[in-house]
Number of protein chains: 2
Amino acid sequence: MKFEPVTIKQMARDLNLGISTVSRALHDSHEISEATKKRVVDYARKVNYIPNPIALSLRAKRNRSIGIVISQFNNPFCSQVVNGMESAFYKAGYQVSIVQTSESTEKEMKAIQYLSSRVDGLLVSISSETKSTEHLKDLYEKGMPIVFYDRICRDIPTHMTLSDNYRGAYEATRHLIGQGCRKIAFVGGAATQPIVQERRAGYLSALEDAGITVEDKWIHFLPKGGVHYVETEVAMERLLRLPRDKRPDGLLTAWDKVTADAYKYLRRHNIRMPEELALIGFSNFPLTDYVSPSLSVVQQQSEKLGEVAAGQLLALLQSKRKPLKYQTEVLMPEIIIRESSLKLKSKTEEQRAVSKIKGAKKR
Amino acid sequence: MKFEPVTIKQMARDLNLGISTVSRALHDSHEISEATKKRVVDYARKVNYIPNPIALSLRAKRNRSIGIVISQFNNPFCSQVVNGMESAFYKAGYQVSIVQTSESTEKEMKAIQYLSSRVDGLLVSISSETKSTEHLKDLYEKGMPIVFYDRICRDIPTHMTLSDNYRGAYEATRHLIGQGCRKIAFVGGAATQPIVQERRAGYLSALEDAGITVEDKWIHFLPKGGVHYVETEVAMERLLRLPRDKRPDGLLTAWDKVTADAYKYLRRHNIRMPEELALIGFSNFPLTDYVSPSLSVVQQQSEKLGEVAAGQLLALLQSKRKPLKYQTEVLMPEIIIRESSLKLKSKTEEQRAVSKIKGAKKR
DNA sequence: TTGTATGCGTTATCAA
DNA sequence: TTGATAACGCATACAA
């Protein structure tokens with residue numbers, strides 16, 4: 001099967017008119033008589049003429065559309081971000097075309113090649129597998145407006161929007177410490193992900209600031225970034241099989257899927273939260289407030305993030321030349337404390353625990 | 001900012017060669033000397049030449065890409081479906097471009113117009129607002145391969161893949177009856193949605209088969225399809241404010257978001273499930289097994305659905321002409337019984353309850 | 001007021 | 001082995 005749309009040329013033949021006459025009539029040009037105009041418009045409607053966007057793009061070198069490169073659809077955080085972007089571009093009259101990389105560099109490259117020349121600009125979150133960004137760099141140097149969001153790429157000087165991953169992790173860890181945890185583990189996604197590294201950095205700083213020594217065995221990265229349950233399962237088993245005095249009493253998970261899977265693991269193995277292990281994790285999943293125990297999360301401002309990034313791209317699209325200065329917008333994630341990490345009931349108890357640590361540090 | 005890519009013409013000038021020579025060299029044609037070939041290929045690599053897909057498409061009338069029209073990204077069911085489609089098309093060497101309609105007919109029409117001529121085929125789930133499908137019909141008549149999934153359109157004869165919504169609702173209702181519920185309410189999405197209508201039909205049949213009379217007040221549709229929490233909230237309030245003897249003891253929700261919101265409502269108002277109200281609903285949300293009480297769901301085979309629909313579109317893409325016969329693939333959703341609807345603990349008790357009803361019917 | 005010719009980036013046909 | 005040219009669908013400068 002092949003799509004054979006009506007073209008202007010065809011209509012011109014049918015109506016015994018010149019091609020340009022038809023074209024101008026459709027554009028409601030003043031230099032066409034009302035009679036012909038009506039004849040053309042009516043006929044176009046009758047045969048359901050749709051201008052070929054491909055031809056339009058080729059000619060105008062303008063597509064009135066932008067592309068979003070996303071890692072995983074099936075990730076609430078990502079879809080929330082896209083929602084924010086979509087509504088911003090819709091208002092601005094742009095069509096949005098989304099492609100998924102599934103964390104594969106090969107797919108990412110294909111996706112970007114596919115979108116290049118099809119769109120006027122790109123919103124990109126680079127895939128976790130990606131090492132080299134030559135393909136993007138080159139595109140950018142040729143003038144393609146690109147804005148990075150969430151998983152940014154420092155090699156390319158352009159606008160970017162991201163969450164404050166460092167502080168999110170820092171505050172979450174501090175909260176666990178405040179709850180009395182002293183052996184706090186960290187399970188991230190892929191070690192190669194800058195995002196995960198930042199989250200680890202925040203985690204480490206919080207522990208250092210509290211004077212707590214970290215064991216290497218408490219820190220786990222997942223080779224495939226935690227796409228599959230087993231990866232998290234293995235990490236959890238390693239943590240929980242540590243000898244009693246090394247066994248963690250708190251856990252920070254630094255990746256949405258990992259958070260969900262760690263939670264599942266703990267529930268499946270009847271490990272009580274927060275008594276046996278206090279859990280807080282990065283997550284934008286829905287329903288985390290209704291699981292039992294309810295799940296403490298570091299929640300990113302996903303829709304906002306999408307909107308801000310969209311605004312940056314729109315700015316690039318409108319400016320004549322590359323801007324001299326680039327903005328980096330940083331959004332603070334929300335720390336939502338729920339049952340899975342709440343060991344101390346009252347605020348004062350928490351305060352006391354925190355001050356104890358401070359004392360400990362000074363010693 | 002504007003993207004200015006390197007073209008064949010430009011390279012031909014730079015290398016002092018003819019345009020067609022360059023083109024053929026890049027295609028590794030045998031009629032080009034190895035020397036020239038190398039010169040061209042090296043240069044192309046150096047300047048990072050990317051063939052312009054727009055021009056390619058215009059010429060070839062072939063895009064090697066397909067479009068997916070989706071209602072809401074931010075809906076686990078949808079993203080799971082897209083995942084299934086994506087992997088199938090990736091294997092087949094197609095790029096996939098996804099656009100969201102957000103349930104708006106206007107967006108849907110724009111999206112379809114945008115995709116027409118940009119893609120070789122379309123996977124469409126029509127938006128809940130959409131009444132007329134002329135835009136699609138016409139496109140289809142001109143030869144655009146279209147496959148409907150989930151929210152199908154009966155006016156257009158083509159392949160389609162969907163869940164057995166009727167049976168899903170029927171079995172879910174039967175389960176509630178088996179649990180001893182006799183006043184079973186139904187909260188759907190938009191009344192206009194054929195899917196919701198089918199689910200209601202299944203619900204009604206199950207009640208009828210069990211000899212249970214339905215009250216109109218037990219059935220609620222949501223004007224905007226339940227996008228916002230308040231819609232579900234209002235419906236729930238109406239149900240729960242009914243006089244004691246009319247107040248439902250069971251509830252079937254027929255839309256993923258509505259299920260989540262109904263669950264939230266019940267938790268927020270401390271209404272015990274299943275004792276005060278047994279809940280089962282259509283849902284592909286993650287974590288439904290870890291909420292407390294765990295949530296009984298009618299879960300669609302989302303990824304499978306995507307794969308099957310993708311297969312149908314690939315078949316259309318490969319066939320020379322419109323097929324004489326169209327397939328409609330129907331997938332049975334899975335009924336997962338969990339705490340929110342499980343009043344009777346043992347299987348035998350449930351059996352007894354069911355046989356009681358059967359007896360009642362015969363009377 | 002209408003028609004013809006050109007170019008957008010490519011490939012394919014034909015000629016050299 | 002190479003190069004010029006037409007065509008894909010459209011808009012527009014220019015000619016009539």
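Quick note on labels: first sequence line is chain A, next is B, and so on, each numbered from 1. What you see is a predicted model, and the numbers here were worked out from it, not measured in a lab. Just the heavy atoms: all of them, side chains too, but no hydrogens, waters or symmetry mates, feed the values below.
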**Prompt:** So, do B:Glu86 and A:Ser102 sit near enough that their side-chain heavy atoms are less than 4.5 Å apart?
**Reply:**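 Yes - at least one pair of side-chain heavy atoms lies under 4.5 Å apart.
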**Message:** I'd like to check the ring pair (Phe, Tyr, Trp, His ring centres under 6.0 Å) partners of B:Phe148; sequence neighbours left out, ordered by chain and number.
**Reply:**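 Listed in chain order: nothing, the list is empty.
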**Message:** What residues from residues 37-51 of chain B pass a heavy-atom cutoff of under 4.0 Å to DNA chain C?
**Reply:**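 Under 4.0 Å from DNA chain C: B:Tyr49, B:Ile50, B:Pro51.
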[X] [atom1] to [N] [atom2]: how many Å, rounded?
X	N	atom1	atom2	result
A:Arg118	C:dT10	CZ	C1'	13 Å
B:Arg13	C:dG9	CZ	P	10 Å
A:Asp28	C:dT1	CG	P	13 Å
A:His30	C:dT1	NE2	C1'	11 Å
B:Lys9	C:dT11	NZ	C1'	14 Å

**Message:** According to side chain to side chain donor-acceptor pair (under 3.5 Å), who are the partners of B:Thr133, at least two apart in sequence or on a separate chain?
**Reply:**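 Checked B:Thr133 against side chain to side chain donor-acceptor pair (under 3.5 Å); matches are B:Asp155.
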**Prompt:** Listed by chain and number, what are the side chain to side chain donor-acceptor pair (under 3.5 Å) partners of B:Tyr114, not counting sequence neighbours?
**Reply:**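 For B:Tyr114, the residues satisfying side chain to side chain donor-acceptor pair (under 3.5 Å) (neighbours in sequence not counted) are A:Ser65.
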**Item:** Counterpart residues, salt bridge (Lys or Arg N to Asp or Glu O under 4.0 Å), relative to B:Glu307 (two or more places apart)
**Value:**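 Not a single residue meets the salt bridge (Lys or Arg N to Asp or Glu O under 4.0 Å) criterion with B:Glu307.
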Under the side chain to side chain contact (heavy atoms under 4.5 Å, CB included) rule, collect the residues that match up with [X], sequence neighbours excluded.
X	result
A:Ser79	B:Phe73, B:Asn74
B:Ile50	A:Gln113, A:Ser116, A:Leu139
A:Tyr140	A:Ile146, A:Ile156, A:Thr158, A:Lys322, A:Tyr326, B:Met1

**Asked** On DNA chain D, which is the earliest and which the latest nucleotide, 5' to 3', with an atom closer than 4.0 Å to a heavy atom of chain B?
**Response**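 From 5' to 3', the first and last contacting nucleotides are D:dT1 to D:dG9.
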**Asked** From A:Leu313 CG over to A:His159 NE2, what is the distance, rounded to the nearest 0.5 angstrom?
**Response**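 Reported to 0.5 Å precision, the distance equals 9.0 Å.
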**Prompt:** Which nucleotide, C:dT1, C:dG3, C:dT10, lies nearest any side-chain atom of B:Thr7?
**Reply:**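 Nearest to the side-chain atoms of B:Thr7, counting from C-beta on, is C:dT10.
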**Request:** Tell me, with the steps shown, if A:Lys110 and A:Glu106 meet salt bridge (Lys or Arg N to Asp or Glu O under 4.0 Å).
**Result:** CA-CA 6 Å; A:Lys110 280 193 181 164; A:Glu106 190 203 338; 3.4 Å; yes
**Prompt:** If an axis is fit to five pairs at each end of the helix from C:dT1-D:dA16 to C:dA16-D:dT1, what is the angle between the two, to the nearest 10°?
**Reply:**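 Roughly 60° between the end axes, to the nearest 10°.
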**Message:** Under a 4.0 Å threshold between the charged nitrogen and the carboxylate oxygen, would B:Asp42 count as salt-bridged to B:Lys46?
**Reply:**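 So B:Lys46 does not pair with B:Asp42 through a salt bridge.
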Quiz: residues 13-21 of chain B side-chain donor-acceptor pairs under 3.5 angstrom, not counting sequence neighbours:
{"residue": "B:Arg13", "atom": "NH2", "partner": "B:Gln10", "partner atom": "OE1", "Å": "3.1"}
{"residue": "B:Asp14", "atom": "OD1", "partner": "B:Gln10", "partner atom": "NE2", "Å": "2.9"}
{"residue": "B:Asp14", "atom": "OD2", "partner": "B:Tyr43", "partner atom": "OH", "Å": "2.5"}
{"residue": "B:Ser20", "atom": "OG", "partner": "B:Arg24", "partner atom": "NH2", "Å": "3.2"}

**Request:** Answer with base, sugar-phosphate or nothing: what part of the nucleic acid does A:Leu58 contact at a heavy-atom distance below 4.0 Å?
**Result:**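 Answer is base: heavy atoms of A:Leu58 come under 4.0 Å of a base.
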**Request:** Look at all strands and tell whether A:Ile54 reaches a base, only sugar-phosphate, or nothing, counting heavy atoms closer than 4.0 Å.
**Result:**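 No contact.
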**Message:** Quick check against the 3.5 Å criterion: does A:Asp150 have a side-chain atom that pairs as donor or acceptor with the backbone of A:Ser163?
**Reply:**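 Between the backbone of A:Ser163 and the side chain of A:Asp150 there is no qualifying donor-acceptor contact (under 3.5 Å).
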What does the list of N/O pairs under 3.5 Å between the protein and nucleotides 12-16 of chain C look like, with a distance for each?
{"residue": "C:dA12", "atom": "O4'", "partner": "B:Arg59", "partner atom": "NH2", "Å": "3.1"}

